[in-house]
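Here is how names work: the chains are called A, B, and so on, in the same order as the sequence lines, proteins then strands, and each is numbered from 1.
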Amino acid sequence: DVKVTQSSRYLVKRTGEKVFLECVQDMDHENMFWYRQDPGLGLRLIYFSYDVKMKEKGDIPEGYSVSREKKERFSLILESASTNQTSMYLCASSRPQGIDEQFFGPGTRLTVL
Amino acid sequence: SQQGEEDPQALSIQEGENATMNCSYKTSINNLQWYRQNSGRGLVHLILIRSNEREKHSGRLRVTLDTSKKSSSLLITASRAADTASYFCATDASNTGKLIFGQGTTLQVKP
């Protein structure tokens with residue numbers, strides 16, 4: 001059974017803290033994505049990666065960075081968390097072909113106080 | 001930028017009824033996908049329709065695509081309480097795997 005896992009389901013951090021959100025997939029997928037989901041705004045793409053050590057900005061990259069040192073792992077980093085980064089964060093992966101579905105992790109609900 | 005807009009935002013029906021959700025998008029696409037999300041969980045892929053297809057079925061799901069109107073619809077027949085969830089359309093305009101999601105339709109099926 002294919003799986004995308006995220007390191008935490010719930011996370012509470014303080015303003016200014018550095019936050020790491022980890023995502024691991026066991027499907028040998030080349031593509032990995034980070035989204036944030038907010039009420040009324042749907043899913044917005046933060047960053048994505050098509051290969052190890054490769055990253056591209058999505059629609060809302062400001063305040064975030066990513067790391068992809070291994071094919072199965074894609075990390076989202078909030079360098080200095082702010083309250084407006086309180087959100088649900090979803091990781092996904094897919095095969096390299098363009099026409100394919102994305103497999104999602106369960107999500108991390110991050111609260112920044 | 002949001003590519004897909006979904007209508008209605010919320011839908012409440014009785015078990016056994018059909019549910020129809022619509023999605024409109026702005027640019028040319030290679031394919032359109034529908035996903036389901038149970039409350040507080042990740043998304044699950046339901047069905048993918050390519051730009052050269054007009055209709056696709058999967059179990060109780062029927063998806064149509066009208067590229068001339070830049071719109072798609074998802075029909076769930078004989079709905080069940082377990083179908084209660086949010087449904088999102090997503091478009092792939094670049095054939096790169098990068099998807100743009102709509103804001104979703106929240107479906108409530110009352111037993």
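Between chain B and the residues A/R109, A/Q102, A/M88, the most heavy-atom pairs under 4.5 angstrom are made by A/Q102. Most heavy-atom pairs under 4.5 Å with chain B: of the set A/G105, A/P106, A/G107, this distinction falls to A/P106.
Heavy atoms only, all atoms of each residue included: B/Q33 and A/E101 are closest at OE1-CA, 3.5 Å. Nearest heavy-atom pair, B/L43 versus A/L90, reported as atom, atom and distance to 0.1 Å: CD1-CD1, 3.8 Å.
Side-chain polar atoms of A/Q37 and B/Q37 form a donor-acceptor pair below 3.5 angstrom.
Residue-environment remark: CZ (B/R60) exceeds the threshold of 12 foreign heavy atoms within 6.0 Å. Taking a 6.0 Å sphere around CD of B/Q9, one finds it holds 12 or fewer heavy atoms contributed by other residues, nucleotides or ligands. Other residues, nucleotides and ligands contribute more than 12 heavy atoms inside 6.0 Å of the CZ atom of A/R9.
A/I46 and A/V24 fall into different hydrophobic clusters, where Ile, Leu, Val, Met, Phe, Trp and Tyr residues are linked whenever their side-chain heavy atoms come under 4.5 Å apart, directly or through other members. In the hydrophobic clustering of this structure, B/L75 does not group with B/W34; members are Ile, Leu, Val, Met, Phe, Trp, Tyr whose side-chain heavy atoms approach within less than 4.5 Å, directly or through other members. Residues B/L46 and B/Y25 are members of one and the same hydrophobic cluster, defined by side-chain heavy-atom contacts under 4.5 angstrom among Ile, Leu, Val, Met, Phe, Trp and Tyr.
In this structure, A/S94 OG and B/K98 NZ are separated by 13.0 Å, a value rounded to the nearest 0.5 Å. Here the OH atom belonging to B/Y35 is positioned 5.5 Å from the CZ atom belonging to A/F104, to the nearest 0.5 angstrom. Note that CG of A/D100 is 8.0 Å distant from CG of B/L48, once rounded to the nearest 0.5 Å. Here the straight-line distance linking atom CG of B/L99 with atom CG of A/L45 works out to 9.0 Å at 0.5 Å rounding.
The shortest side-chain heavy-atom distance between A/L43 and B/F88 falls under the 4.5 Å cut-off.
Not counting sequence neighbours, the partners of A/Y50 by the ring-ring contact (aromatic ring centres under 6.0 Å, His included) test are A/F48.
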